[in-house]
Chemist: 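Structure provided below as structure tokens; questions to follow.
Quick note on labels: first sequence line is chain A, next is B, and so on, each numbered from 1. Since the structure is predicted, the reported quantities are computational estimates derived from the model, not experimental observations.
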Amino acid sequence: MKILQEIQSSIVSGLDSIYNHSANREDILMSQTRKEFQGDYTVVVFPFVKALKSNPIELGNNLGEHVVANVASVESFNVVKGFLNFSLTHDYWKSQLIEVGETENFGAHPKNGKKVLVEFSSPNTNKPLHLGHIRNILLGWSCSQILDAAGYDVIKTQIINDRGIAVCKSMLSWQKFGNGETPESSNTKGDHFVGKYYVLFEQKFKAEYADWQKTEKGQVVLTELRKGEQSEEDFFGKYKNIYFNDYSVLGNEAKDMLLAWEAKDEPIRNLWMMMNSWVYDGFNETYKSIGVDFDKLYYESDTYLLGKKTVDEGLERDVFFRQDDDSVWIDLEDAGMDKKIVLRSDGTAVYMTQDIGTAMVRNADFGVEKMVYVVGNEQDYHFKVLFEILKRLGEPYANELHHLSYGMIGLPSGKMKSREGTVVDADDIMVEVINEARLGSVDRGEIAEMDKEAQEDVLRKIGLAALKFMIIKIQPKKGMTFDPKESVDMQGQTGPYVQYAYVRIQSVLRKFENNKYGSFDDYKELNEFELALLKEVVEFPNLIKVAAENYDPSSIANYCYSLGKMYHRFFHEVRILTAETEDAKAFRLHLSNVVSKVLEKAMNLLGIEMPAKM
RNA sequence: GGUUCCGUAGCUCAGCUGGAUAGAGCAGCUCACUUCUAAUGAGCAGGUCCCAGGUUCGAAUCCUGGCGGGAUCACCA
């Protein structure tokens, strides 16, 4: 904002001319004046008191006079303790309103020519999406939108984890127990259909394991390996993976299937492609409901062998080292991390290798300046290591990598576990929240008057707004618990609350054709509600910048709430259509228009749509 | 145990690189729809900002050490 810089510069020149003290503009701390005090913007003068051996009041008065004399838009000042508060002229604020109103796509920053790739969602193909994915998707999507508004060219991508033992489990389960059932024949959404067989596998395996525990072999293992006081239950709980790998019939069949898949066995590959296509149909439906899409998909089945070449090159340059058993490692101890394996002794890639290779492929595909990975905080360490490795390999974008880490969504009963069926399904929760919007709409004439289709559209927007806002308003890194028994709020600090502010504006503006709100040249005194709104509106571009720098959509959500709240207050206190004068009316119409545009734009950054009526 | 993130009102959360009397929502209690939409607004009540030190004009914010909780510490992904 130009005015802030002007005031800062003026303070600098004031310090120089009055006190012969040189300072940089960046040293002048400025903020919005708190509403308990008189003024618009505040400079904190404490930092200079000591250096100038002056007292805060005197210093404030001197600087205040200097600024008022030199900056035309500053009308007056007052000093409270060490706080120098400036009031700007009403003409200044009116000009701001005009400027914002005339700015195309207000809030967005000019293109900076830099490409950033954002990876999010990244599901496994053996089970449907749940509430945790929704948080991931919302973060990824809104982060992409925010970066776009901040001037980047954004490539939205996901890596689809379409291979591995878990995928084979559902394939095997369907093959053995499916009897040729399909999503069509069972009238089940594809991803849920496949997920059902994944869960079935786990059940069958559990039963097999329980039977085995009672066999002679099982009991021998128990007596030989259990430690001291360990209970039988505890022992077998921890022994599960070993059993799966060494003894289980189902486990071995699944592992054989994985080997066959890797050997490109045709029947297995065909089965795999068929089941994956079911899953993708399901995912696409869910993505459509949430309202997101991707520019580029990467599949783990294509990338899982990547990175090996890079490891060879890195070996030559001594970034990596080879151990006696032929496994390849990197030593990150001098960076405060451990040694990390990047190639198994049999020469195959691990997760890390894959991610190294994938990063390079992405750079080759797009020539990125920056990459953002939206992945849960359980992988904090993985990404710390990955970024360090890419740095050591000298990748050009390595200093511009960011792991957008977020906390898990838990249930009152604890963690969500797909295998145990304790998940809040993504499709279900969206349906539920739309139903809740429906319940809240029963007494609303505006909605009752619409035709069925329009009604559904509005209810969908309201319900999804409630869900999305609830999740995105919380800082990413914080964990959150979700209680499925409690309904999602539609009142107070919520998505529908912000939508309602927007809707109220629309219902007023609808009365005017093509934005003919008139002029407000003779509107002299803005009231406190108008000023508060205008000040908040003007902050929008800076908010986008800061949100992009911090990869933090929650700050935008809080801004939406704050602006909406101010509008509701304004709407309640101030007459628009029956304003005191024509100029006051015109001013308020323009102001409302600008607020509604910012609200819409800001909510769109969060992936939330605005209804025209509700 | 090592590393890391979190701890603010009964509950869910804001509080920007240190700044004025720590703010919202929900829940509770009161008010306000013949008015541009009450999914709204106004008010009351609710606090040892986990604890203890330190840094300084000034600390919820920064540093150190505790306490409590989550995550992680695989030749799994």
Chemist: Verify the stacking flag for A:Phe37 against B:A20: centroid separation must be under 5.5 angstrom and the ring planes must differ by under 30 degrees.
Modeler: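 So yes, this residue stacks on that base, both cut-offs being met.
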Chemist: Could you tell me if A:Lys565 sits above the aromatic ring of A:Phe571, with its cationic atom closer than 6.0 Å to the ring centre and no more than 45 degrees from the axis?
Modeler: no
Chemist: Decide whether a cation-pi geometry holds between A:Arg362 and A:Tyr298; the criteria are a distance under 6.0 Å from NZ or CZ to the six-membered ring centre and an angle within 45° of the ring axis.
Modeler: yes
Chemist: Are A:Ser31 and A:Thr42 linked by a side-chain donor-acceptor pair shorter than 3.5 Å?
Modeler: no
Chemist: For each nucleotide in nucleotides 7-15 of chain B, reading 5' to 3', give B when a protein heavy atom comes within less than 4.0 Å of its base, S when such contact involves only the sugar-phosphate, and - otherwise.
Modeler: S-----SSS
Chemist: With a 3.5 Å cut-off and no angle check, do the side chains of A:Asp380 and A:Ser405 form a donor-acceptor pair?
Modeler: yes
Chemist: Once you apply the 3.5 Å cut-off to both distances, tell me the Watson-Crick or G-U wobble partner of B:G41, or none.
Modeler: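 The answer is B:C31, by the H-bond criterion.
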Chemist: Side chain of A:Lys81: nearest nucleotide among B:U21, B:A71, B:C5?
Modeler: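 The closest nucleotide is B:U21.
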Chemist: Could you tell me which nucleotide pairs with B:U72 by Watson-Crick or G-U wobble geometry, both distances under 3.5 Å, or answer none if nothing does?
Modeler: B:G2
Chemist: Taking pairing as Watson-Crick or G-U wobble with both contacts under 3.5 Å, can you name the mate of B:A60, or confirm there isn't one?
Modeler: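 By the stated definition (distances under 3.5 Å), nothing pairs with B:A60.
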Chemist: State the pairing partner of B:A20; accept Watson-Crick or G-U wobble contacts with both distances under 3.5 Å, and report none otherwise.
Modeler: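 The base-pairing partner of B:A20, which may sit in any strand shown, does not exist here.
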Chemist: Taking the side chain of A:Arg504 as heavy atoms from C-beta outward, which of B:G25, B:A38, B:A20 is closest to it?
Modeler: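 Nearest nucleotide to the side chain: B:A38.
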Chemist: Between B:A22 and B:C29, how far apart are the two P atoms, rounded to whole Å?
Modeler: 28 Å
Chemist: Rounded to whole angstrom, note down the C1' distance from B:G7 over to B:A52.
Modeler: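 Here B:G7 and B:A52 have their C1' atoms 16 Å from each other.
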Chemist: Within 45 degrees of the axis of the six-membered ring of A:Tyr406 and under 6.0 Å from its centre: does A:Arg135 put its NZ or CZ there?
Modeler: no
Chemist: Can you tell me, in whole Å, how much space there is between the C1' of B:U64 and that of B:U12?
Modeler: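 My reading of the C1' atoms in B:U64 and B:U12 gives 32 Å.
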Chemist: Tell me which nucleotide among B:A77, B:A20, B:G41 gets nearest to the side chain of A:Arg163.
Modeler: B:A77
Chemist: Do A:Arg588 and A:Tyr523 have a side chain donor and acceptor closer than 3.5 Å?
Modeler: yes
Chemist: Using atom C1' of each nucleotide, how far apart are B:U56 and B:A14 to the nearest Å?
Modeler: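 Rounded to whole Å, the distance is 27 Å.
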Chemist: Which part of the nucleic acid does A:Ile447 contact within heavy-atom distance under 4.0 Å: base, sugar-phosphate only, or nothing?
Modeler: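 Since a base atom lies under 4.0 Å of A:Ile447, the category is base.
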Chemist: To the nearest angstrom, how far is A:Glu378 atom CD from B:U4 atom P?
Modeler: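 From A:Glu378 CD to B:U4 P: 18 Å.
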Chemist: Are A:Phe46 and the base of B:G19 stacked, counting only ring centres nearer than 5.5 Å and planes tilted under 30°?
Modeler: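 Stack criterion met.
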Chemist: Using the P atoms only, state how far B:A71 lies from B:C63, rounded to an integer number of Å.
Modeler: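 Result for the P pair: 25 Å, nearest Å.
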Chemist: Between B:A9 and B:G23, how many Å separate the two P atoms, rounded to a whole number?
Modeler: 14 Å
Chemist: Could you tell me how far B:G10 sits from B:G70 if I compare only their C1' atoms? Round to whole Å.
Modeler: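 Comparing C1' positions in B:G70 and B:G10 gives a spacing of 23 Å.
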Chemist: Which nucleotide, in any strand shown, forms a Watson-Crick or G-U wobble pair with B:C11, with both distances under 3.5 Å?
Modeler: B:G25
Chemist: Measure from the side-chain heavy atoms of A:Phe83 and tell me the nearest of B:G41, B:A77, B:G19.
Modeler: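 From the listed options, B:G19 comes nearest.
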Chemist: Paired with B:U55: which nucleotide, if any, by Watson-Crick or G-U wobble criteria at under 3.5 Å for both distances?
Modeler: none
Chemist: For A:Thr125 and A:Asn276, which I'm curious about, is there any donor-acceptor pair between the side chains at under 3.5 Å?
Modeler: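 Note: A:Thr125 and A:Asn276 side chains meet the donor-acceptor criterion.
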Chemist: In whole Å, measure the gap between the C1' atoms of B:G46 and B:C33 for me.
Modeler: 29 Å
Chemist: Dump every N/O contact between nucleotides 27-35 of chain B and the protein below 3.5 Å, one line per pair.
Modeler:
none

